[in-house]
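Every number for a ligand or one of its atoms is a count from 1 in the order of the listing.
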Amino acid sequence: MIEIENLRKEYRQRDRTVVALDGVSLTVRPGEIFGVVGQSGAGKSTLIRCVNLLERPTSGVVRVNGQDMTRLRGAELRRARQRIGMIFQHFNLLSSRTVAENVALPLEVMGYPRRERQRRVAELLALVGLEDRADAYPAQLSGGQKQRVGIARALAAEPAVLLSDEATSALDPETTQSILALLRDLNQRLGLTILLITHEMGVVKEICHRVAVLEAGRIVESGTVAELASRP
Ligand code: ADP
Ligand code: ADP
């Protein structure tokens, strides 16, 4: 589903080059929840942004559904990106738009007719348990509700893959549990493939099938959660 081969990402700064990813390879299988865990600065965010080409890799291959994302440009890249949902630590909702309007945004961009948008938005809000907050504004919601909106928006285009960038890091422990339960539920009910990054081993233990540990741009360990736990 997601194949990353020998991925390298350098950031050029004025007088030096930062190597954020140094030969990362991993495969996320269809229907799997795969976690990448590591400390701040390890390269997690760069890695996940290279999957949907928010960052362009310096070298290496990123295939999603068999398609090499690094070869795509322009309209082709935008179309491929629609098949990849993403959720964020700080939700990235538009504060001047209601919950329903936020969720409708990707559908508008894709040119869904109004009726169909409304139907689809209602379906998505039901999926994340927010059907009664369609007309609320983000400022009126709790953190957990905001992330539910983020998840509904990410799933609007029926992506095969969901990328999660520290999606529970701004939430309290109880809310974190409820968002992780929702992600697990979506994984099981829709067969949604999830690649998530986090600095919290607890998150990984809670929902990931397999894990890779990233340190200074390299994968230093990988396996099932049980395998990692049994190592010294
Ligand atoms: P993480 O998400 O694990 O905290 P990042 O991917 O954000 O790690 O960062 C990895 C490394 O790349 C860090 O050394 C960071 O300072 C550097 N980095 C990230 N983004 C940029 C950028 N836009 N320009 C220069 N350096 C960057
Ligand atoms: P506009 O008149 O600019 O289309 P609307 O407020 O009518 O703005 O709606 C924007 C989008 O939000 C529409 O695409 C619609 O599908 C969706 N939407 C608005 N309110 C609801 C609602 N209560 N339930 C479901 N979808 C809604």
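By the 3.5 Å distance cut-off applied to N or O atoms, Lys44 is counted among the residues near ligand 1. Some N or O of Gly41 is nearer than 3.5 Å to an N or O of ligand 1, by distance alone. Between Gly43 and ligand 1, an N or O atom pair is found at a separation short of 3.5 Å.
Of the protein's non-hydrogen atoms, the one nearest atom 14 (O) of ligand 1 is Val18 CG1, 3.8 Å. Nearest protein heavy-atom neighbour of atom 25 (C) of ligand 1: Gln13 NE2, 3.2 Å. When only non-hydrogen protein atoms are considered, atom 19 (C) of ligand 1 lies nearest to Tyr11 CE1, 3.3 Å. With hydrogens left out, the protein atom closest to atom 7 (O) of ligand 1 is Ser45 CB, 3.7 Å, a heavy atom.
Here Ile194 contributes atom CD1 and Cys208 contributes atom SG; the two are 8.5 Å apart, rounded to the nearest 0.5 Å. Here CG of Leu93 is found 8.0 Å from CG of Leu141. Values are rounded to the nearest 0.5 Å. The structure places CG of Leu214 at 7.5 Å from NZ of Lys44, a figure rounded to the nearest 0.5 Å.
At a 4.0 Å cut-off, at least one heavy atom of Gln39 sits close enough to ligand 1 to count as contact.
Gln118 and Arg115 form a side-chain donor-acceptor contact under 3.5 Å, judged by distance and modelled atom types alone. At a cut-off of 3.5 Å, with distance as the only test, no side-chain donor of His199 or Gln39 sits close to an acceptor on the other residue. In this structure, a donor-acceptor pair under 3.5 Å is present between the side chains of Thr46 and Tyr11.
Within the listing of ligand 1, atoms 1 (P), 3 (O), 8 (O) sit less than 4.0 angstrom from a heavy atom of Ala42. Here is the list of ligand 1 atoms found below 4.0 Å of a heavy atom in Ala20: 10 (C), 11 (C), 12 (O). If you number the atoms of ligand 1 from 1 as listed, the ones under 4.0 Å from a heavy atom of Ser40 come out as 4 (O).
When Val36, Asp165, Thr46, Ile48 are checked for heavy-atom proximity to atom 5 (P) of ligand 1, Thr46 turns out nearest.
Legend: residues meeting side-chain hydrogen bond (donor to acceptor under 3.5 Å, both in side chains) with Arg29, ordered by chain and number and at least two apart, are absent.
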Practice item. Show the numbers, then the answer: is there a side chain to side chain contact (heavy atoms under 4.5 Å, CB included) between Leu130 and Gln145? Key: CA-CA 8 Å; Leu130 278 185; Gln145 288 175 329; 4.0 Å; yes

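Arg63 has no carboxylate O lying under 4.0 Å from a charged side-chain N of Asp68, or vice versa, which leaves the two without a salt bridge.
Listed by first then second residue, pairs satisfying salt bridge (Lys or Arg N to Asp or Glu O under 4.0 Å) with a partner in residues 136-159 number zero, not counting sequence neighbours.
The presence of a protein heavy atom under 4.0 Å from atom 16 (O) of ligand 1 is ruled out. Within the 4.0 angstrom cut-off, atom 21 (C) of ligand 1 has one or more protein heavy-atom neighbours.
Proximity of His199 to ligand 1, defined as any heavy-atom pair under 4.0 Å, is not found for any part of the residue.
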